[in-house]
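Here the structure is laid out as structure tokens; the discussion comes afterwards.
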Amino acid sequence: MSQTVDRALSILPLLAEGPADLGQVAERLGVHKSTALRLLRTLHEHGLVYRQSDQRYRLGARLIALAQEAMENLDIREIAHPHLVRLNEQCGHTVHLAVYEEDEVLYIDKVESRYPVRMYSRIGKPVAITVAAVAKLLLADLPEHERRALADKLDYPMYTARSTPNPDAFLRELAKVREQGWATDLGGHEESINCVAAPIRGADGRVVAAMSVSAPNVVVTADELLTLLPLVRRTADGISGEYSGRNTAKGTA
């Protein structure tokens, strides 16, 4: 039975590469065509594969629907939280998790710093979208026309002298972030607060959330905070792997 299940499941990644006929499936599995046909019929009955008019098989709509349903029911906060806690234990600074929803970037999780100087950010509160490092990562992943449309309609408050002043500067910053794969806010929202952030990606490679480490410069300088970037990126990669199903890693070593 286990061998039959294994063979049946081995058909799915083959068909993910594109439609295949019975002979190709049998050859890939190393079985007789009659055996491959029985497996394909079973998968077809469950809607996991579909037989085309040219007698080739492709992945079925039911499989795609199941995958979509599973993705929609994944809770990125639940998956990420143990990683955020572990990162906080390693560095001691405030750790945030944020998502992009309806033209806003919102904090959905926060692990407080162990230092007495605390940040006033709150779960559920929108971030300063034109300067926050997590916002830059989430918006940088949008298609170009969406980035431009959003940049044109945003306001650009000058929280500090380092704040993003206008749409052109914002788009340049997003292009930089998109290329390098990480982001910073070095005194752009509050003069005394610095932040480094990394993206969390889904199975399709798109950014589904962003996480960051923030600290006041009375605790750690901007340059010192930047030395944590490799750790932040490894943590984000660990969350991405678990969220997307690419691996079962539980944070960083």
Side-chain angles (χ1 to χ4, degrees), residues 1-87 89-90 97-101 108-109 137-138 141-143 181 198-211 230-253:
M1 178 63 72
S2 62
Q3 186 182 47
T4 301
V5 173
D6 182 68
R7 284 173 172 170
L9 293 177
S10 297
I11 294 173
L12 301 179
L14 166 63
L15 299 185
E17 299 171 6
D21 61 27
L22 178 60
Q24 290 172 309
V25 173
E27 182 179 357
R28 174 68 70 90
L29 297 180
V31 299
H32 194 273
K33 285 185 179 181
S34 61
T35 300
L37 182 59
R38 285 198 302 271
L39 296 172
L40 285 164
R41 282 176 173 168
T42 299
L43 292 172
H44 184 269
E45 288 171 3
H46 289 276
L48 302 181
V49 304
Y50 176 79
R51 189 173 66 179
Q52 302 177 160
S53 58
D54 63 1
Q55 304 306 307
R56 294 190 301 164
Y57 293 84
R58 61 171 171 80
L59 293 180
R62 177 61 177 158
L63 179 63
I64 297 169
L66 287 171
Q68 182 63 34
E69 184 178 356
M71 289 301 297
E72 289 175 354
N73 289 329
L74 281 176
D75 185 344
I76 186 63
R77 182 182 182 276
E78 181 179 351
I79 291 171
H81 187 73
H83 298 260
L84 305 184
V85 170
R86 192 172 297 111
L87 177 61
E89 291 171 348
Q90 291 176 285
L97 179 70
V99 296
Y100 178 59
E101 292 183 355
I108 61 171
D109 202 0
L137 284 164
L138 289 159
D141 193 59
L142 295 175
I200 296 166
R201 300 181 184 275
D204 60 358
R206 296 296 304 275
V207 176
V208 296
M211 55 155 296
L231 178 59
V232 175
R233 297 184 76 179
R234 287 198 301 273
T235 301
D237 287 346
I239 300 169
S240 298
E242 189 172 344
Y243 179 77
S244 67
R246 290 194 301 269
N247 60 55
T248 56
K250 299 287 186 180
T252 59

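None of these values were measured; they are calculated from a predicted model. Residue numbers start at 1 and run along the sequence shown.
At most 12 non-hydrogen atoms from other residues, nucleotides or ligands lie less than 6.0 angstrom from CZ of Arg51. Around atom CD of Gln52, more than 12 heavy atoms belonging to other residues, nucleotides or ligands sit under 6.0 Å away.
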_Walk me through whether Tyr57 and Leu43 qualify under side-chain contact (heavy atoms from CB on, under 4.5 Å)._
CA-CA 10 Å; Tyr57 293 84; Leu43 292 172; over 6 Å; no
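The closest side-chain heavy-atom distance from Leu87 to His83 is not below 4.5 Å. Taking 4.5 Å as the limit, every side-chain heavy atom of Leu15 sits out of range of all side-chain heavy atoms of Arg58. Taking 4.5 Å as the limit, every side-chain heavy atom of Val25 sits out of range of all side-chain heavy atoms of Leu39. Using a 4.5 Å cut-off on side-chain heavy atoms (C-beta onward), Val49 and Leu12 make contact. Using a 4.5 Å cut-off on side-chain heavy atoms (C-beta onward), Ile239 and Leu84 make contact.
Expressed to the nearest 0.5 Å, how far CG of Asp109 lies from CZ of Arg77 amounts to 4.0 Å. Interatomic distance, Gln24 CD to Leu14 CG, rounded to the nearest 0.5 Å: 7.5 Å. Taking CD of Gln55 as the start and CG of Asp21 as the end, the distance is 10.0 Å to the nearest 0.5 Å. Atoms NZ and CD, from Lys33 and Glu27 in turn, are 10.0 Å apart once rounded to the nearest 0.5 Å. For the atom pair CD (Gln3) and OG (Ser10), the distance works out to 10.0 Å, reported to the nearest 0.5 Å.
Contact record, Gly181 with Pro199: O-CD, 3.2 Å, taken as the closest heavy-atom pair. Considering all non-hydrogen atoms of both residues, Ser240 and Ile200 come closest at OG-CA, 3.3 Å. Looking at every heavy atom in both residues, Val208 comes nearest to Arg201 through CG2-C, 4.2 Å. Between Leu59 and Ala16, the closest heavy-atom pair is CD1-CA, 3.8 Å. Of all heavy-atom pairs between Asp204 and Arg206, the closest is OD1-N, 3.0 Å. Considering all non-hydrogen atoms of both residues, Leu138 and Tyr100 come closest at CD1-N, 3.9 Å.
The main-chain N or O of Leu48 is never found under 3.5 Å from a side-chain atom of His46 such that the two would form a donor-acceptor pair. With Arg28 contributing its side chain and Ile11 its backbone, the two residues share no donor-acceptor pair below 3.5 Å.
By the side chain to side chain contact (heavy atoms under 4.5 Å, CB included) test, Arg41 is found to be paired with Leu37, residues two or more places apart in sequence or in another chain being considered.
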